[in-house]
Amino acid sequence: MEEMQPIKDLKKIALMKDILSRGDFGERNVLLFSIGINTAYRISDLLHLKLSDVLEIYRQKVRVKSRLKMKEQKTEKNNSVILTKKLQKDIWEYVLKEHAQAIQEQELNHYLFTSRKKNGGERPLSRQH
């Protein structure tokens with residue numbers, strides 16, 4: 001298997017975000033990419049994030065957590081990563097747009113990145129998408 005190297009050039013990152021922002025699901029794609037490069041989690045882990053992984057109820061209000069804590073699927077390690085203020089803002093804007101009803105009802109058991117397929121309830125986005 002080929003070894004992957006992280007993208008470190010800020011111009012390449014900006015170009016990638018620009019390319020990902022095009023199309024119907026641009027906001028979702030950019031957020032998924034942003035969380036990935038900021039946390040170094042695998043895509044398989046990110047696709048199974050639930051609202052409760054990135055949001056919390058504090059004093060009866062929903063807000064974005066300052067840390068993303070999760071157990072990685074492949075290594076089964078528990079890991080915790082600080083979310084930057086910019087990433088917290090991006091997550092909040094996406095959640096307000098895509099999960100407004102869940103936020104209003106303070107129901108955080110939904111997937112952050114849901115599949116758009118209509119066959120059989122809420123499912124996480126697949127790796128192929």
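One is the number of the first residue; the rest follow in order along the sequence.
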Visitor: Would you say the side chain of Lys12 lies within less than 4.5 Å of the side chain of Met16, judging by non-hydrogen atoms?
Guide: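 No, side chains not in contact.
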
Visitor: If you measure from CG on Leu83 to NZ on Lys65, what distance do you get to the nearest 0.5 Å?
Guide: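 Answer for the CG-NZ pair, Leu83 versus Lys65, is 9.5 Å.
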
Visitor: Please name all residues satisfying side chain to side chain donor-acceptor pair (under 3.5 Å) with Lys17, sequence neighbours left out, ordered by chain then number.
Guide: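 Residues passing side chain to side chain donor-acceptor pair (under 3.5 Å) with Lys17: none at all.
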
Visitor: Strictly by ring pair (Phe, Tyr, Trp, His ring centres under 6.0 Å), give each pair with a member in residues 56-83 just once, sequence neighbours left out.
Guide: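 Sorted result for residues 56-83: empty, none.
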
Visitor: Closest approach of Val62 and Trp92, non-hydrogen atoms and distance?
Guide: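 Heavy atoms of Val62 and Trp92 come nearest at O-CH2, 3.4 Å.
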
Visitor: Please identify each residue that fulfils side chain to side chain donor-acceptor pair (under 3.5 Å) with Asn38, with sequence neighbours left out.
Guide: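 Residues passing side chain to side chain donor-acceptor pair (under 3.5 Å) with Asn38: none at all.
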
Visitor: Taking the side chain as everything from C-beta on, heavy atoms only, tell me whether Leu68 gets closer than 4.5 Å to Leu49.
Guide: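 They are in side-chain contact.
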
Visitor: I'd like to check Lys69 versus Val81 (side-chain heavy atoms, cut-off strictly below 4.5 Å). Are they in contact?
Guide: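 A side-chain contact under 4.5 Å is absent here.
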
Visitor: What's the shortest heavy-atom distance between Phe33 and Leu20, and which atoms?
Guide: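 The pair with the smallest heavy-atom distance is CB-CD1, 3.4 Å.
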
Visitor: With sequence neighbours left out, what residues match Tyr94 under ring pair (Phe, Tyr, Trp, His ring centres under 6.0 Å)?
Guide: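 With sequence neighbours excluded, Tyr94 shows a ring pair (Phe, Tyr, Trp, His ring centres under 6.0 Å) to Phe113, given in chain and number order.
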
Visitor: Which residues pass the side-chain contact (heavy atoms from CB on, under 4.5 Å) test with Asn78, sequence neighbours left out?
Guide: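 With sequence neighbours excluded, Asn78 shows a side-chain contact (heavy atoms from CB on, under 4.5 Å) to Lys71, given in chain and number order.
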
Visitor: Answer whether the closest heavy-atom distance between the side chains of Leu87 and Val64 falls below 4.5 Å.
Guide: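 With C-beta onward as the side chain, the pair stays apart.
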
Visitor: Could you give the distance from CD (Gln106) to CG (Asn109), rounded to the nearest 0.5 Å?
Guide: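 Rounded to the nearest 0.5 Å, the CD-CG separation comes out at 14.0 Å.
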
Visitor: Identify the two heavy atoms, one from Ala102 and one from Leu51, that lie closest to each other, and give their separation to 0.1 Å.
Guide: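 Closest heavy-atom pair between Ala102 and Leu51: CB-CD1, 3.9 Å.
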
Visitor: The criterion is side-chain contact (heavy atoms from CB on, under 4.5 Å); which residues satisfy it with Lys97, sequence neighbours excluded?
Guide: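 Lys97: side-chain contact (heavy atoms from CB on, under 4.5 Å) contacts with Glu27.
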
Visitor: Once rounded to the nearest 0.5 Å, what's the spacing between atom CD of Gln104 and atom NE2 of His99?
Guide: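 So the CD of Gln104 and the NE2 of His99 are separated by 15.0 Å.
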
Visitor: Are Leu96 and Ile57 co-members of a hydrophobic cluster defined by side-chain heavy atoms under 4.5 Å apart?
Guide: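 Hydrophobic grouping puts Ile57 with Leu96.
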
Visitor: Other than Ile19, which residues form its hydrophobic cluster under the rule that side-chain heavy atoms must be closer than 4.5 Å?
Guide: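 Joined to Ile19, directly or through intermediates: Leu15.
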
Visitor: For the atom pair CG (Leu112) and CG (Leu47), what is the distance rounded to the nearest 0.5 Å?
Guide: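 Separation between the atoms: 9.5 Å.
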
Visitor: Got a sec, which residues hit side-chain contact (heavy atoms from CB on, under 4.5 Å) with Ser21, two or more places apart in sequence or on another chain?
Guide: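 Asp18, Val30.
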
Visitor: Tell me, please, which residues at least two apart from Lys61 pass salt bridge (charged side-chain N to carboxylate O under 4.0 Å, His left out).
Guide: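 Scan of Lys61 (salt bridge (charged side-chain N to carboxylate O under 4.0 Å, His left out), adjacent residues dropped) gives none.
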
Visitor: Got a sec, which residues hit side-chain contact (heavy atoms from CB on, under 4.5 Å) with Lys86, two or more places apart in sequence or on another chain?
Guide: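 By the side-chain contact (heavy atoms from CB on, under 4.5 Å) rule, Lys86 matches Thr84, Asp90.
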
Visitor: For Glu107, which residues count as a salt bridge (charged side-chain N to carboxylate O under 4.0 Å, His left out) partner, sequence neighbours excluded?
Guide: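 For Glu107 there are no salt bridge (charged side-chain N to carboxylate O under 4.0 Å, His left out) partners, ignoring immediate neighbours.
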
Visitor: With a 3.5 Å distance limit and no angle check, can you tell me whether Asp45 reaches the backbone of Tyr41 through a side-chain donor-acceptor pair?
Guide: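 No, Asp45 side chain to Tyr41 backbone: no donor-acceptor pair under 3.5 Å.
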
Visitor: For Lys89, what residues pass the salt bridge (charged side-chain N to carboxylate O under 4.0 Å, His left out) criterion, not counting sequence neighbours?
Guide: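 Scan of Lys89 (salt bridge (charged side-chain N to carboxylate O under 4.0 Å, His left out), adjacent residues dropped) gives Glu93.
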
Visitor: Do Arg28 and Glu98 sit within salt-bridge range, that is, some charged N less than 4.0 Å from a carboxylate O?
Guide: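 No salt bridge links Arg28 with Glu98.
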
